[in-house]
Amino acid sequence: MTNDQSRRAFLKRSAALGLAGTAGSFVTTLAGIGEAAAATASDYKALVCVFLYGGNDYANTLPPYDQASYDLYQAARSNLAHSRAALTATALTPAVALAGGRQYALAPTMASLLPVFNAGKMAVVLNVGTLMQPTSKAQYTGNSVPLPPKLFSHNDQQSFWQASNPEGATSGWGGRLGDLFQSGNGSATLTCINASGNAVFLTGKTAIQYSVSTSGPIALLNNNSSLFGSTNAASTLRTLMAGTHANILENEHARVTKRALDTYAQVNGALAGAPVGSFPLFPSGNSLADQLKIVARLISVSAELGAKRQVFFVSLGGFDMHDALATQHPTQIGLLADAMKAFYDTTVAMGVSDKVTTFTGSDFGRTLQSNDDGSDHGWGSMHFVMGGAVNGRRFFGTPPAIGTNTSDDVGQGRLLPAIAVDQYASTLASWFGVSGGDMTTVLPNMGNYNPSTWNLGFV
């Protein structure tokens, strides 16, 4: 085996191991840069995934508003439901009315997103969830079609949402998008960027996520210029870490370390031209807003970094509300709405709103029926897509029946998804520039769906 072949094999195994944590982050972040890409681009586009960890409660995020639907919603969770009067100010008036007089409202604390929806820059996608193929309730109850394994399990459904595979997956669909486009970027390393730690979503077959903090790139050795008070010691250590070695593993470690140091210098230098003070629209005390602010700063210097296609990941936790949902959920989705609104307004101010599409994701939805003062793990959920290119002020999908023992319910008001995450993802991927021929590379299950449903038209 040649040294080059050995190096590639080592990188593949390193990625498969999914090494995580501060000590190993530069390995998982920077090893395995692809040698080729299946797609090129001359313009700039970015996808930004906002993942809500824990399973967001769909019914109190997008409550039914028409009287008949509201009555069913209120009856199912009388101790959790928003009052209808409280929803009047955030009732949504879509450009295309829903059939049967169905109406929805944003939760009251999400009012900041109402102007974005009304301006036609945000769409709502109804009843999205993990599936392997189109599935009816009869097929589900008869167990006659393959289903995502370990439904209602946090870890497995987070993984299946992000990777189309259960926990242990070695690549996600955001990373597989990166595989296709990374060679068209000035620095392949900066194709998939995570502002919230580590997620399988951004790991590709060859593209590996680059982690940043909310203040910028993460420095090796804290970027210290001295070691035990000695600048010579620090310089010597860096030479040892990044120098050439005869041993394949040592040399690979040094090569990746050097890339980490070089990339830090490149990104840090570029961000110096995009100081935090130049991004005043983001609220303080909001961790998601802090993450989206660094994403905005990185997008603002994308030309300097030579990027044409980038995929970003940010997240907000705390959505596993088995109790205290009525008091805690409004706060969490208020943070979500305020951060997304600030991010959208910033892209408008930067003149790139039509080049940046932001979308939400979560483990799963939750039960419509209350579980004491919370809700339990569910399946399908409602999601938001936002950006200047979005076909907004519209709902996509069919409003699910409200209640238990309906055609859309698999127990306690758990929604049987009508739109697969793969279809949601393929619509975003199509806008990003993925061809029909490459779609099953990014989303292996798409072959189970009629190609006419690969693009749902929301962007």
Side-chain angles (χ1 to χ4, degrees), residues 8 11-12 15 25-49 171-195 198-212 216-218 255-256 258-274 291-292 294-314 347 350-359 387 389 425 428-435 438-439 441-442:
R8 288 199 297 271
L11 295 179
K12 184 175 180 180
S25 63
F26 63 93
V27 176
T28 58
T29 295
L30 296 171
I33 300 305
E35 299 175 3
T40 58
S42 58
D43 59 346
Y44 178 81
K45 287 184 178 180
L47 284 171
V48 182
C49 177
S171 73
W173 58 268
R176 294 190 292 266
L177 284 172
D179 291 339
L180 295 178
F181 289 96
Q182 63 179 346
S183 71
N185 286 339
S187 174
T189 306
L190 301 176
T191 303
C192 299
I193 300 180
N194 195 327
N198 232 337
V200 69
F201 176 76
L202 282 186
T203 299
K205 303 287 186 178
T206 55
I208 305 297
Q209 60 195 301
Y210 180 69
S211 295
V212 297
I218 300 169
R255 191 181 67 84
V256 172
K258 182 179 185 303
R259 185 184 294 137
L261 293 167
D262 292 346
T263 303
Y264 174 85
Q266 179 189 16
V267 176
N268 200 48
L271 287 177
Q291 294 169 52
L292 286 170
I294 188 61
V295 171
R297 292 177 65 203
L298 287 164
I299 289 172
S300 76
V301 296
S302 59
E304 183 176 346
L305 295 173
K308 298 294 185 182
R309 289 290 186 275
Q310 290 183 294
V311 187
F312 295 91
F313 186 90
V314 298
T347 64
M350 290 163 53
V352 297
S353 63
D354 62 330
K355 303 179 188 304
V356 181
T357 298
T358 306
F359 60 96
L428 296 163
S430 179
W431 172 79
F432 203 59
V434 176
S435 67
D438 284 329
M439 199 64 75
T441 300
V442 176

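None of the values given here were measured: they were computed from a predicted structure. In what follows, residues are counted from 1 in the order of the sequence shown.
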Original post:
What's the spacing between L271 CG and S300 OG if we round to 0.5 Å?
Top reply: 7.0 Å
Original post:
How far apart are the closest heavy atoms of E304 and A270, and which atoms are they?
Top reply: OE2-CA, 3.5 Å
Original post:
If you measure from OG on S302 to CG on N185, what distance do you get to the nearest 0.5 Å?
Top reply: 9.5 Å
**OP:** Measure the shortest side-chain to side-chain distance between S42 and K308 over non-hydrogen atoms and say whether it is less than 4.5 angstrom.
**Re:** no
Original post:
Please walk me through it: do V48 and T357 pass side chain to side chain contact (heavy atoms under 4.5 Å, CB included)?
Top reply: CA-CA 6 Å; V48 182; T357 298; over 6 Å; no
Subject >> S211 versus N194, side-chain donor and acceptor atoms under 3.5 Å >> reply: no
Subject >> Between CG on residue D438 and OG on residue S430, distance to nearest 0.5 Å >> reply: 11.5 Å
**OP:** Find the distance between OG1 (T441) and CZ (R176) and round it off to the nearest 0.5 Å.
**Re:** 9.5 Å
Original post:
Can you tell me if Q182 uses its side chain to pair, donor with acceptor, with the backbone of T189 under 3.5 Å?
Top reply: no
Original post:
Who are the salt bridge (Lys or Arg N to Asp or Glu O under 4.0 Å) partners of R309, not counting sequence neighbours?
Top reply: D43
Subject >> Non-hydrogen atoms of Q209 and T203 that approach each other most closely >> reply: NE2-OG1, 3.1 Å
Original post:
Which word best sums up how the rings of W173 and F201 line up, parallel for under 30°, tilted for 30 to 60°, or perpendicular for over 60°?
Top reply: perpendicular
Subject >> Contact summary for A207 and C192, nearest pair of heavy atoms >> reply: CB-SG, 4.3 Å
Subject >> side chain to side chain contact (heavy atoms under 4.5 Å, CB included) evaluation trace for V311 with F432 >> reply: CA-CA 10 Å; V311 187; F432 203 59; 3.9 Å; yes
Original post:
Counting only N and O atoms by type, is there a donor-acceptor contact under 3.5 Å from the side chain of Q310 to the main-chain atoms of K45?
Top reply: no
**OP:** Could you tell me whether the side chain of Y44 reaches within less than 4.5 Å of the side chain of V352, counting heavy atoms only?
**Re:** no
Subject >> Where I193 and L298 come nearest, the two heavy atoms and their spacing >> reply: CG2-CD1, 4.0 Å
Original post:
Just how far is it from atom CZ of F312 to atom CD of Q291, taken to the nearest 0.5 Å?
Top reply: 13.0 Å
Original post:
Taking all non-hydrogen atoms of both residues, which atom of W431 and which atom of K355 are closest, and how far apart?
Top reply: CH2-O, 3.4 Å
Original post:
What's the shortest heavy-atom distance between Y210 and P217, and which atoms?
Top reply: OH-CB, 3.3 Å
Original post:
Between atom OG1 of T191 and atom CG of L177, what is the distance when rounded to the nearest 0.5 Å?
Top reply: 11.0 Å
